[in-house]
Amino acid sequence: MSENKKIFTDSGIEIRTVYSERDLEATNNQQPGTFPFTRGIQADMYRGKLWTMRQYAGFSTAEESNKRYHYLLSQGVNGLSVAFDLPTQIGYDSDHALAEGEVGKVGVAIDSIDDMRALFDGITLENVTTSMTINATAFILLSLYVAVAKQQGADLKKISGTIQNDILKEYAARGTYIYPPKPSMRIITDIFEWCSHELPKWNTISISGYHIREAGSTAVQEIAFTLSNGKAYVKAALEKGLDMNVFGKRLSFFFNAHNNLFEEVAKFRAARRMWAKMMRDLGATDPKAMMLRFHSQTGGSTLTAQQPLNNISRVTIQTLAAVLGGTQSLHTNGYDEALGLPTEEAAKIALRTQQIAAYESGVADTADPLGGSYFVEALTNELEEKAQQLIEKIDVMGGSVSAIEQGFIQNEIARSAYEYQRQIETGEKIIVGVNKFQVAEEKQTPIFKVDDSIRNLQIEKLKNLKANRDIAMVDQCLQDLNDKASNGGNLIPSVIGAVEHKCTLGEISDELRGVFGEHR
């Protein structure tokens, strides 16, 4: 390799041939567990408690997903992570015309309290933490979860988990929104407020960089756009008069772990430091409200359909990046996910990857093992500097909501995605098995498919539900929800009442569509 050849990270940061003590700044004396938490949010990190090992699962019907959850719990998973199908994500029941062809495909179909009860059958909600990847309808899914917990006789003060609930990144990168930004932000702050009193251990939002990265952003953009969105949620909550030191402790984040090991570790360290300073500057005084706690998932968009077993190696590198970067919880992708939903075998290998990292590699033995590396410290500083410049640009536009409305964030992501793909196609960036080291592939990887007949099962369940409910009570619950939405007042108690009286997800969503309208 020529001495003059320049090497860059995926964020365009130039990598020098060698780093030295000149690249260390005043980070040497920082300790894990102390502000600004660059080195981790706990003093002893994984020596005290390992990260939560989750496997993202959900497909077909609630009953089928429930079997997968029991299997994963038997294999050593200690946190459930629920994937919902597209109709559930955008507020349509399975019998809606727009749900055709999508029921149970990319996640589980949840139409009513009957489905939610079946999803967690035989699982004591007080004993597990549940993460739900849901945004526009997060308030309904949370209400369904609370209703099932109440039926189990659970103490709501002990129920823990997370709803993603991050609508801003839906407008910017993913598209499963329903209502316009203003009412959507109101629903989110209603959740913050209600949970702070009734569900104190619940993470009320998981501010997501994951999907921003999946859409094609760089690591720098992932931090900048995610933290800017976080700032917007904090400001909305402050405008509602909520206590930052209370709701700040229940904010969590969700990041992607990609293949560039050192850039990813530096990204997590920089994000923690930046969020701590941001929260302090916005007025937080409790150190726990300044801690960036995050779930991570290995990079779905990095997985290849070609030579899919190579993905096991990619997921291993990404697992190490997340753990060396100090994640609180992790989901590892199945090697076959570029082809379809993960098979049981692929899900098991993905979980074993985490377990081998935890128990055999030594990465959990000391806090921030890469801290003090000339390279990692320099990279942490550079990522912070570049991300900060981007955040300041967004602040000048009036914050994330304005930047999204102006198309700035979407355009920046699209530009990065285009540049990344261009580098692959020209061979500047090597993807093993895709544009180099290809082989003729004959062996077919088994693919897990969901049958279209699932929709008929869900429609049948909806018919039975509607035949066995008090329709006057349903109408009353929906009217109460309409009144609250129109006149102010926290929506969450009304939604819980509605799902307990067998109102469906689609009925609740439609009632609010009538008040708030739809985002176009």
Side-chain angles (χ1 to χ4, degrees), residues 9-11 54-58 81-86 89-90 105-107 131-136 162 164-177 206-230 252-260 263-264 267-268 271 294-305 308 311 314-315 317-319 321-322 325 327 329-342 350 387 390 400 404 409-424 429 431 434:
T9 70
D10 292 340
S11 293
R54 298 188 186 278
Q55 282 308 109
Y56 185 48
S81 194
V82 186
F84 297 96
D85 72 359
L86 278 173
Q89 292 180 47
I90 50 178
K105 288 291 174 74
V106 299
S131 171
M132 294 190 273
T133 304
I134 192 76
N135 297 287
T162 306
Q164 192 163 102
N165 200 27
D166 173 7
I167 204 66
L168 291 178
K169 67 96 178 49
E170 294 297 326
Y171 302 124
R174 197 165 167 269
T176 65
Y177 44 72
S206 176
I207 304 156
S208 176
Y210 185 86
H211 304 94
I212 289 168
R213 192 67 178 279
E214 288 292 284
S217 83
T218 65
V220 164
Q221 290 170 333
E222 184 185 354
I223 308 175
F225 299 155
T226 307
L227 298 192
S228 283
N229 288 349
S252 68
F253 288 80
F254 175 25
F255 287 116
N256 213 312
H258 268 224
N259 289 329
N260 192 319
E263 182 174 45
E264 294 300 293
K267 175 188 82 180
F268 298 131
F294 72 98
H295 169 68
S296 47
Q297 180 176 338
T298 56
S301 62
T302 69
L303 303 182
T304 65
N311 294 327
R314 293 186 176 100
V315 169
I317 291 167
Q318 294 162 9
T319 297
T327 193
S329 120
L330 175 62
H331 161 76
T332 33
N333 289 68
Y335 68 83
D336 53 1
E337 286 188 51
L339 302 165
L341 289 169
L390 209 40
S400 264
I404 288 165
I409 290 176
Q410 298 93 309
N411 290 340
E412 288 293 299
I413 294 169
R415 192 176 295 118
S416 296
Y418 171 80
E419 177 56 22
Y420 186 80
Q421 190 58 36
R422 185 197 66 74
Q423 289 177 358
I424 291 171
K429 181 158 195 62
I431 307 294
V434 175

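Quick note: residue numbers are just sequence positions, from 1.
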Is the shortest side-chain heavy-atom distance between [X] and [Y] below 4.5 Å?
X    : Y    : value
F84  : T133 : no
L86  : K105 : no
V315 : L303 : yes
N311 : N333 : no
Y420 : K429 : yes
R174 : I212 : no

Please check if any side-chain donor atom of [X] sits under 3.5 Å from a side-chain acceptor atom of [Y], or the reverse.
X    : Y    : result
R415 : Q410 : no
R54  : S329 : yes
T176 : E170 : yes
S400 : N229 : yes
N259 : Q318 : yes

Is [X] reaching over with its side chain to a backbone N or O of [Y], donor-acceptor style, under 3.5 angstrom?
X    : Y    : answer
S11  : V220 : yes
Q221 : T218 : yes
T332 : A350 : yes

Mind checking the [atom1]-[atom2] spacing from [X] to [Y]? Nearest 0.5 Å is all I need.
X    : Y    : atom1 : atom2 : result
N260 : T9   : CG    : OG1   : 6.0 Å
D10  : K267 : CG    : NZ    : 10.5 Å
H211 : E222 : NE2   : CD    : 11.0 Å
N411 : S416 : CG    : OG    : 11.0 Å
F254 : D166 : CZ    : CG    : 10.5 Å
I223 : L390 : CD1   : CG    : 10.0 Å

Closest approach of [X] and [Y], non-hydrogen atoms and distance?
X    : Y    : answer
S252 : T162 : OG-CG2, 3.7 Å
G299 : H258 : CA-CD2, 4.1 Å
N135 : Q164 : ND2-OE1, 3.1 Å
Y210 : F255 : CD1-O, 3.8 Å

Exercise. How far apart are the C-alpha atoms of I134 and Q89, what are their side-chain angles, what is the distance that settles it, and do they pass the side-chain contact (heavy atoms from CB on, under 4.5 Å) test?
Worked result: CA-CA 6 Å; I134 192 76; Q89 292 180 47; 3.9 Å; yes
Exercise. Excluding sequence neighbours, so at least two apart, what forms salt bridge (charged side-chain N to carboxylate O under 4.0 Å, His left out) with E214?
Worked result: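 Per chain and number, E214 pairs via salt bridge (charged side-chain N to carboxylate O under 4.0 Å, His left out) with no residue.
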Exercise. Does the pair E264/R213 count as a salt bridge with the N-to-O cut at 4.0 Å?
Worked result: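 Yes, E264 and R213 are salt-bridged.
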For this session: Using ring pair (Phe, Tyr, Trp, His ring centres under 6.0 Å) as the criterion, list what pairs up with Y335, not counting sequence neighbours.
Result: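 None.
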For this session: Could you tell me how the ring of F294 sits relative to the ring of F268: parallel (under 30°), tilted (30 to 60°) or perpendicular (over 60°)?
Result: parallel
Exercise. Testing T327, N256, T319 for side-chain hydrogen bond (donor to acceptor under 3.5 Å, both in side chains) with S296, which one passes?
Worked result: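 Testing S296 for a side-chain hydrogen bond (donor to acceptor under 3.5 Å, both in side chains) against T327, N256, T319 leaves exactly one candidate, T327.
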Problem set entry | F225 and its side chain to side chain contact (heavy atoms under 4.5 Å, CB included) partner, picked from I413, I207, L168 | I413
